[in-house]
2 protein chains.
Amino acid sequence: MAKKNIEEQIIKAAATIFVKKGMDGARMQEIAAEAGINQALLHYYFRSKEKLFDAVFSEIINNFLKSVFSSISEKDNFKEFLYDFIVSYSQNITEHAELTKFILWEFQRGGKLMIKSLREAQLNGDSAPDFIIRKIEQAKKEGVIRPIDAQNFLLTLLSTVLYPFIARPIFENIFQIPDMTDAAFIDKRNQEVFDLLWSGIKQN
Amino acid sequence: MAKKNIEEQIIKAAATIFVKKGMDGARMQEIAAEAGINQALLHYYFRSKEKLFDAVFSEIINNFLKSVFSSISEKDNFKEFLYDFIVSYSQNITEHAELTKFILWEFQRGGKLMIKSLREAQLNGDSAPDFIIRKIEQAKKEGVIRPIDAQNFLLTLLSTVLYPFIARPIFENIFQIPDMTDAAFIDKRNQEVFDLLWSGIKQN
DNA sequence: TAAAATTTTAACTGATTGATTAAATATCAA
DNA sequence: TTGATATTTAATCAATCAGTTAAAATTTTA
């Protein structure tokens, strides 16, 4: 079997275990068993547990961000852009199962990997956050939305869409939501978030 | 030294280590050193690492929620209530240092402790979330705000205030914010969040 | 004051764990 | 076809770690 396949098999198995248990809680023997290989191979291919962990996280976060940025709307109309962003961002989140658990581990590690990836991601020559901030500034300039702090708005936008998924067990239990990844719930949620944010910023 | 003092000393030391490293990453010897005691005492007082962990997190989350709920505004005017909630909630978050890291660990554990504490916290006979939802429904009924989904709004409200603190390293880096717990930043943020949310729901 | 109970300590135990190793097997290159 | 290289394996190692123990010290109780 080609080397490449073994590495991918390891990364997939490691992702499953690391997502669930974190680096400290995961066991190399368990990862090996999940991958169907001998434990020594983990060290042969990745040298150490920590290097394996980094490799796994790099791949997951890069895949996610790549997917997010490739689906960012290119519409000039800001209202439509905002709506499309909310829909595609939450769709990306639900499609990348377990991503939110990765995010939790990454936050505990200080977020360096995520920061690096966010900075490197480019949209029309801008970093992704700058691209969106530029859109917001443009909409202000055109009088489409009222004068808001663009950074603050983006902070709110990202928080509002992502955080419910991160805190999913809490919210599902407290609000008795059967399944927050259910399409009907997400559609309604996206619409409510859009209505709230758009109403909150549109020029009257 | 009284037994009570030793237990408190242990819990304080354990909190420091557990918040930083999680249960799997923390070492009992390190906790003992931090508390200035013999490691065997940890087991004498708390039986096991996991029981110690539970005791520590119970105390942290209960202290936080108690503080949050005791400072929830009692104003009848919904606009004022909303503003006060935003301010006091974010103030509670910044006052309880390390809380956000605790939240990360708790999410990874499924959030059971947080759920339990949220359900048990009572405000005027309601659970805390229900109390706020009732306020929102009342404001709708009075025509103060437009017909929104109360649960969804509360989801957004909690997400918008809390999440930036959870993802603080990411946001400080990406947006080049020197210190998100700086009073000036928080004041501005609270005002922007309030303006956005209020504009988003007020009846025109 | 002495016995009982509780607390504390240094030393230790057994299990676990990431990493390593020697050897076998498979693949590749000359 | 043979030697070199890469891959794989079972067994092993040394360090780590939560938890335990016997004994000493301290506190409490009668």
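Lettering of chains follows the sequences in order, A, B, ..., and the numbering in each one begins at 1.
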Can you build the contact string for nucleotides 17-24 of chain D? Use B for base contact, S for sugar-phosphate-only contact, and - for no protein heavy atom under 4.0 Å.
SBBBB---
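Between A:Tyr163 and A:Phe171, the two ring planes are perpendicular [angle over 60°; tilted spans 30° to 60°]. Aromatic ring pairs are classed by plane angle as parallel below 30°, tilted from 30° to 60° and perpendicular above 60°; the pair A:Phe78 and A:Trp198 is tilted. Ring-plane geometry between B:Phe64 and B:Tyr89 is classed as tilted, the angle between the planes lying from 30 to 60 degrees on a 0 to 90 degree scale.
In summary, of the residues considered (B:Lys75, B:Lys79, B:Lys135), a salt bridge (Lys or Arg N to Asp or Glu O under 4.0 Å) with B:Asp84 occurs for B:Lys75 alone.
For the OP1/OP2 pair of C:dT20 and a distance below 4.0 Å, the side-chain nitrogens and oxygens of A:Tyr44 include no atom meeting the criterion.
Separation of atoms CG (A:Leu99) and CG (A:Leu104) is listed at 9.5 Å; rounding is to 0.5 Å.
The interatomic distance linking A:Leu42 (CG) with D:dT7 (C1') rounds to 14 Å, in whole Å. In this structure, A:Leu41 places its CG atom 10 Å from P of D:dA10, rounding to the nearest Å. One interatomic measurement links the two molecules: OH of A:Tyr45 to C1' of C:dA19, which rounds to 17 Å at whole-angstrom precision. Spacing between atom CD1 of B:Ile6 and atom P of D:dT27 amounts to 11 Å, rounded to whole angstrom units.
B:Thr160 and A:Thr160 are linked by a side-chain donor-acceptor pair at a separation below 3.5 angstrom, with hydrogens and angles left out of the test. Counted by atom type alone, A:Gln191 and A:Asp195 present one or more donor-acceptor pairs between their side chains at under 3.5 Å.
Judged by the 6.0 Å and 45° rule, A:Arg109 forms no cation-pi pair with A:Phe53.
In DNA chain D, consecutive stretches of 3 or more Watson-Crick or G-U wobble pairs with both distances under 3.5 Å are given as paired ranges: C:1-30 with D:1-30.
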